[in-house]
Every structure is written in C-alpha cells, then in structure tokens.
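Below is one structure; the comments refer to it alone.
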Amino acid sequence: MLSSYKSFHYIEDIHKYVGEEVTLRGWVYNLTGKGKLQFIMLRDGTGVIQCVVFKANVSEEAFENAKSLTQESSLSLTGKVVSNEKAPGGFEIDVTNLQIIQLAQEYPITPKDHGDSFLIEHRHLWLRSSRQHAIMRVRAAVMKAIRDFFDGNGFKLMDSPILTPNACEGTSTLFETEYFDLGKAYLSQSGQLYAEATALALGKVYTFGPAFRAERSKTRKHLTEFWMVEPEMAFFDLNDDMDLAEDLVEYIVQYCLKTCQKELQTLERDTTKLEKVRRPFHRMSYSDAVDWLVENKIPLNKKIDGKDVEILPFPWGEDFGSPQEEAIMEQFDKPMIIHRYPTEIKAFYMKRDPINPKVVLAMDMLGPERAGELIGGSQREDNFDLLLERIKHEDLPEDEFKWYLDLRRYGSVPHSGFGLGVERTVKWITGATHIREVIPFPRMIYRITP
RNA sequence: UCCUGAGUAGCUCAGUUGGUUAGAGCAUCUGACUGUUAAUCAGAGGGUCCGGGGUUCAAGUCCCUGCUCAGGAGCCA
C-alpha cells in the first residue's frame with residue numbers, strides 16, 4: 001500500500017467524500033461560464049468531475065482566477081463534494097478556493113472535430129482526451145491480463161534480446177544498425193528462437209517486449225514498432241498450443257469486461273460482442289478453408305507481370321490475404337483458428353505434419369469484427385536433420401543458427417508457441433478504427449514524432 | 001514498391017461553368033448573464049488558397065511538376 005502522504009484527493013475516490021471538503025489537483029478539461037457562475041470540468045487522470053465556482057462563495061481573487069482559466073490549465077482547488085443530478089457523473093464540487101498552477105496557452109485540441117493527421121501530430125496532447133485516455137486504460141488492462149494469465153499458470157517471464165545478428169524468420173525486412181566490429185545487427189522482429197532455448201531450460205516461458213518490422217506497410221493494422229507476447233512451451237503439441245491461445249484470448253477479453261466497463265462505455269463499444277468470446281473458438285484446417293473459399297467463389301488476387309488478376313477457384317497452396325481472411329471471418333462472431341498451412345508458405349522452423357508433410361503444424365488466430373490476425377504460432381521442428389534441411393532450403397546463414405540447431409542436438413523435445421500482437425488485440429477490444437490509437441506513441445512508416 | 005485520394009483562417013470544412021473585395025462554424029479577444037453539459041446573445045481581429053511553372057483579358061478553380069499527408073495492396077502480429 002502507498003503511505004497516505006497525499007495532501008489532495010483523486011476524482012475516482014470522490015464518492016467516498018460526499019458532504020466533506022476535498023482538495024483536487026488536475027487540469028481543465030472543459031469550461032463554461034454564466035456570469036457569476038463558472039463551471040470547470042476538472043480531470044486528474046483518474047476521472048473527470050464538474051466543479052462549480054459561484055462568485056459569492058469564493059474570494060474576489062479566486063473568482064477572477066476561475067474566470068481567467070483556459071482549457072488544460074493546471075490548478076488546485078478546494079470545495080465540498082455534493083450530489084447533483086445535473087452534474088455529469090452525479091457528483092460535483094462546490095468550490096471554496098482555487099489556485100492556478102499554470103495558465104495554459106491556447107490549447108490546440110478543442111472539443112470540436114479534428115482530422116487524423118492533426119491529432120497524430122499532437123499525440124502528446126491527444127492522449128489527454130477522454131477517448132484516448134480510455135483506450136490507454138484498456139491497453140494497461142490487456143497488458144496486466146497477459147502477465148497475470150501467464151504468471152498464474154506456471155510460466156516464467158523471459159526477456160529476449162532486441163539486438164540480434166540475423167533475421168529470425170528470414171523473410172521480413174528488418175531495421176539495421178552497425179554493431180561495433182561485429183558487422184550488422186538487426187532489431188528483433190520476434191523473441192521466439194530465444195524463447196525456445198529458455199523453454200528447454202524452464203519448461204514454460206513467455207517473452208514480452210517490442211518487435212520491429214521495417215516493412216513498408218501503410219495500413220490501419222500495421223506499426224513498425226509493436227508489442228508482442230510470445231509463450232513457448234516444452235512438450236506442447238499443436239493442439240495444446242491452440243488450447244492455450246484460446247485460453248489466453250478468452251482471459252484477456254473477460255478481464256477487460258470485468259475491469260474496464262467505464263472505459264468501454266466511453267468508447268461506445270458494443271460489449272455484447274465481447275461477451276461472446278468464450279471457448280471453444282472455431283477451428284478450421286487450411287485445406288477446409290480453401291474448400292470453403294472455392295465453394296463460396298472467393299478468388300485469389302494476385303499480381304502477374306504487374307497486372308492484378310483474379311484466380312478462381314482459389315488454388316490450394318497459396319497464402320490467404322486480407323480479402324480471404326475477412327470473407328471467412330464474416331461467418332463467425334468470436335475468434336477462430338486456421339491451422340495446418342502449406343509448408344512452402346510458412347517459416348522454416350515449423351514442424352511438418354507427420355500425417356501430411358505438405359502442411360506444417362502452424363496456426364493463426366483471426367479476430368471477429370475485422371480484427372485481423374491476432375496470433376500466429378506453431379509446433380516447432382524438433383528433428384535436427386529436417387530443421388537443417390529447411391534452413392538450407394531457405395538459404396539462411398547456417399552459422400547464425402548453430403546454437404538454434406543445438407537445441408535439437410541436446411535433448412530435443414516436441415515444443416510449441418505463438419505470438420500475440422498486443423496492439424491488434426487492444427484495437428479489437430476497444431473498437432478503435434486505427435492501430436495508431438492503441439499505442440501511446442505509434443511508430444509508422446512516415447512518422448517517428450512525437 | 002505499386003494503386004487511389006487529399007492539401008483553402010489556429011481547427012473542421014464550403015467555395016457553382018474560370019469572373020468584383022475568398023466564406024461559415026468552432027477556437028481567440030471585448031461585453032452581458034446564478035445551472036452550464038460542444039451554453040447562449042452582441043461585437044472584433046484572423047488568409048503565402050501546399051511550393052514552383054504554365055494556359056488565359058482573368059486561376060482557389062484548368063494543365064504540368066515537386067512536396068506533404070491519408071487509405072489500400074503485398075508483407076505480417
């Protein structure tokens with residue numbers, strides 16, 4: 001517990017002090033005046049409350065101070081907590097004294113509409129608005145739910161390096177930097193390989209940190225820097241992996257429903273849709289998904305010689321893009337998993353299905369309401385020879401993977417894991433229209449400030 | 001990398017077929033008001049129409065070009 005050193009109160013606790021005098025510190029969220037009466041909507045990070053300054057109840061100086069306030073000025077005020085049904089939230093403060101800490105200059109973000117570009121340029125101030133404030137609180141809840149879930153289920157937190165000598169999957173474009181005399185280093189796009197090593201030391205681990213991708217993606221689903229949690233479990237097969245993924249997502253959503261009702265209400269999120277997020281989720285193999293696309297005449301969109309062409313029926317072996325995933329997801333009102341993708345379109349470390357080596361034991365979890373891919377995971381190749389063969393086949397630098405191959409040399413076991421994108425998840429739960437709204441300071445292809 | 005769209009006041013936008021001095025709401029400033037919720041009322045200030053070039057008697061408007069931004073594809077969480 002925090003010691004009670006505070007000389008002021010927080011708005012979230014105000015209901016405990018009805019009839020009493022309190023001191024609040026915060027910022028002017030909005031203002032309106034009516035002659036001898038000034039209304040101040042005060043925010044302090046924990047909530048917003050209406051404070052009423054009546055000329056006859058305060059000193060001349062305090063009233064002049066109240067009149068001179070501007071949006072986002074910081075202040076300290078004292079007054080009595082009263083119940084008033086005219087006040088938003090049901091309570092208000094009858095102000096008896098008021099001191100300005102700093103009189104804010106003309107604040108750029110007004111209560112009226114603004115464009116996306118303007119708001120993102122003022123991200124450092126935009127975070128103060130009620131919608132962004134609510135999203136950040138849901139984000140904090142999602143982070144906590146993730147940690148609670150793993151910590152409470154026997155997982156150990158394991159931190160993987162950010163600077164790495166090679167591309168983890170060998171596909172994605174990475175940010176590059178010079179690393180002393182050792183040549184180039186890259187910002188990690190995934191902690192998975194390191195999580196595998198620690199899973200063989202600790203059993204069940206999760207790594208939780210930022211990931212970096214230098215792809216020139218410019219959509220409302222992509223960031224160049226995002227947060228990902230990656231559990232990795234020794235002795236888990238693909239089914240165990242999918243079960244865990246479903247448990248985790250169910251836990252996160254239910255935790256947010258339990259602890260973020262106010263925030264979800266501010267965001268006008270239809271929570272009945274989130275309440276449906278209960279296990280079991282839907283599952284479908286890649287092959288069954290292709291059959292469904294063929295039956296429903298969903299084509300493959302491909303670029304051949306610079307021309308866009310539609311290929312029908314959808315050919316087995318091609319990867320799904322957003323159009324295919326969205327079409328499949330439209331029938332479902334909770335997340336679903338597609339598993340057992342063609343070997344050729346998936347990463348080298350994924351284990352081949354012993355029943356059908358044309359597919360790997362991989363899985364993607366897609367979210368409803370156009371949330372897109374929330375999770376990507378797989379059972380890992382645990383056979384030394386097969387893994388080496390895949391590394392060679394993909395032309396990956398064998399030397400860099402020597403330590404990784406060692407894991408298959410010394411007590412190799414079946415193991416699995418997955419990665420969950422935090423921002424994708426928060427975007428889905430909050431119903432935010434753009435991923436840049438769900439991380440405090442988004443990093444995107446054409447923007448690195450603020 | 002490719003495709004599409006946008007750029008006019010601090011902010012959000014309107015601006016007709018090219019035609020007089022480029023408009024509105026909000027914000028700001030001045031004044032009125034004891035119950036406002038994006039208050040209301042009266043008044044005031046505020047413009048490199050993204051930059052450059054061109055067509056024309058005349059360009060915010062048409063053409064070329066550059067810049068900036070947005071969305072989508074591919075890639076993925």
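The structure displayed is predicted, hence computed values, not measured ones. Order of the sequence lines fixes the chain letters, A, B, ..., with proteins taken first and strands second; residue numbering starts at 1 for each chain.
You'll find that the side chain of F118(A) is closest to C11(B), out of A27(B), C11(B), U37(B). Distance from the side chain of K86(A) is smallest for U37(B) among the nucleotides A39(B), U37(B), A77(B). With A39(B), U28(B), A77(B) as the candidates, the nucleotide lying closest to the side chain of E106(A) is U28(B).
Judged by Watson-Crick or G-U wobble contacts below 3.5 Å, the nucleotide G23(B) has C13(B) as its partner. Applying the Watson-Crick and G-U wobble criteria (two distances, each under 3.5 Å), U61(B) pairs with nothing in any strand. Partner assigned to G45(B) is none, using Watson-Crick or G-U wobble distances below 3.5 angstrom. Shown here, G5(B) forms a base pair with C69(B); the pair counts as Watson-Crick or G-U wobble because both key distances fall under 3.5 Å.
Contact detail for S188(A) and T164(A): the closest heavy-atom pair is CB-CG2, 4.0 Å.
Nucleotides G15(B) and C49(B) place their C1' atoms 10 Å apart, quoted to the nearest Å. Rounded to whole Å, the separation between the C1' atoms of C11(B) and A38(B) comes to 14 Å. When the P atom is compared between G23(B) and U16(B), the two are found 14 Å apart, to the nearest whole Å. A14(B) and U61(B) have their P atoms separated by 16 Å, with the value rounded to a whole Å. Nucleotides U30(B) and G71(B), compared at atom C1', are 44 Å apart to the nearest Å. Across U21(B) and U17(B), the matching C1' atoms stand 22 Å from one another, rounded to whole Å.
Taking every heavy atom of residues 127-153 of chain A and every atom of RNA chain B, no pair lies under 4.0 Å. Of all the residues in residues 55-69 of chain A, not one reaches under 4.0 Å from RNA chain B with any non-hydrogen atom.
Counting any heavy atom pair closer than 4.0 Å across all strands shown, G372(A) reaches no nucleic acid atom. No engagement by P108(A) is indicated, since no non-hydrogen atom pair under 4.0 Å with the nucleic acid exists. Base contact: Q50(A) has a heavy atom under 4.0 Å from a base atom. L374(A) comes within 4.0 angstrom of the backbone, heavy atoms only, and of no base. At the heavy-atom level, E92(A) lies under 4.0 Å from base atoms of the strands shown. Residue I375(A) is classed as a sugar-phosphate contact, given heavy-atom separations below 4.0 Å to backbone atoms only.
Residue ring and nucleobase are not stacked for F39(A) and G35(B) under a centre distance beneath 5.5 angstrom and an angle between planes beneath 30°.
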*Any chance you could list the contact pattern along nucleotides 66-73 of chain B? Use B for base contacts, S for sugar-phosphate-only contacts and - for none, protein heavy atoms under 4.0 Å, 5' to 3'.*
---SBBBB
_Across nucleotides 44-50 of chain B, 5' to 3', mark each nucleotide with B, S or - according to how protein heavy atoms within less than 4.0 Å reach it._
-------
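If you measure from atom NZ of K427(A) to atom P of C76(B), you get 18 Å, rounded to the nearest angstrom. One atom, CD of E325(A), and another, C1' of G74(B), lie 13 Å apart when rounded to the nearest Å. I445(A) places its CD1 atom 12 Å from the C1' atom of G74(B), with the value rounded to the nearest Å. Rounded to an integer number of Å, the gap from CD of E215(A) to C1' of A77(B) is 12 Å. Rounded to whole Å, atom P of U37(B) lies 16 Å from atom CD of Q71(A). Here the P atom of nucleotide C13(B) and the NE2 atom of H114(A) are 11 Å apart, to the nearest Å. For the pair N30(A) CG and C26(B) P, the computed distance is 14 Å after rounding to whole Å. Spacing between atom CD1 of I49(A) and atom P of U37(B) amounts to 18 Å, rounded to whole angstrom units.
Put simply, the side chain of Q254(A) gets close to the backbone of V277(A): a donor and an acceptor are under 3.5 Å apart.
Between the side chain of H222(A) and the base of C76(B), at least one donor-acceptor pair of N or O atoms lies under 3.5 Å. If you check distances only, the side chain of Q38(A) never reaches the base of G35(B) with a donor-acceptor pair under 3.5 Å.
Taking the six-membered ring where the residue is Trp, H15(A) and F91(A) present tilted rings, their angle falling between 30° and 60°. The aromatic rings of F320(A) and Y286(A) lie parallel to each other, with less than 30° between the two planes, well short of the 60° mark. Using cut-offs of 30° and 60° on the angle between ring planes, the pair F150(A) and Y206(A) is parallel. Taking the six-membered ring where the residue is Trp, H124(A) and H122(A) present parallel rings, their angle staying beneath 30° rather than reaching 60°.
By the 4.0 Å N-to-carboxylate-O rule, D353(A) lies too far from K358(A) to be salt-bridged with it. Ion pairing of R283(A) with E246(A) is present here, as a side-chain N (NZ or NE/NH1/NH2) and a carboxylate O approach within less than 4.0 Å. Using a 4.0 Å cut-off between charged side-chain N and carboxylate O, D364(A) and K346(A) make a salt bridge.
For an aromatic pair to be called close, the ring centres must be under 6.0 Å apart, and F212(A) with F226(A) fails this.
Judged as a side-chain hydrogen bond (donor to acceptor under 3.5 Å, both in side chains), the pairs with a partner in residues 32-50 of chain A (not counting sequence neighbours) are, in order, R43(A)-E72(A), D44(A)-T46(A), Q50(A)-E92(A). Screening residues 55-64 of chain A for salt bridge (charged side-chain N to carboxylate O under 4.0 Å, His left out) gives no qualifying pairs among residues at least two apart or on separate chains.
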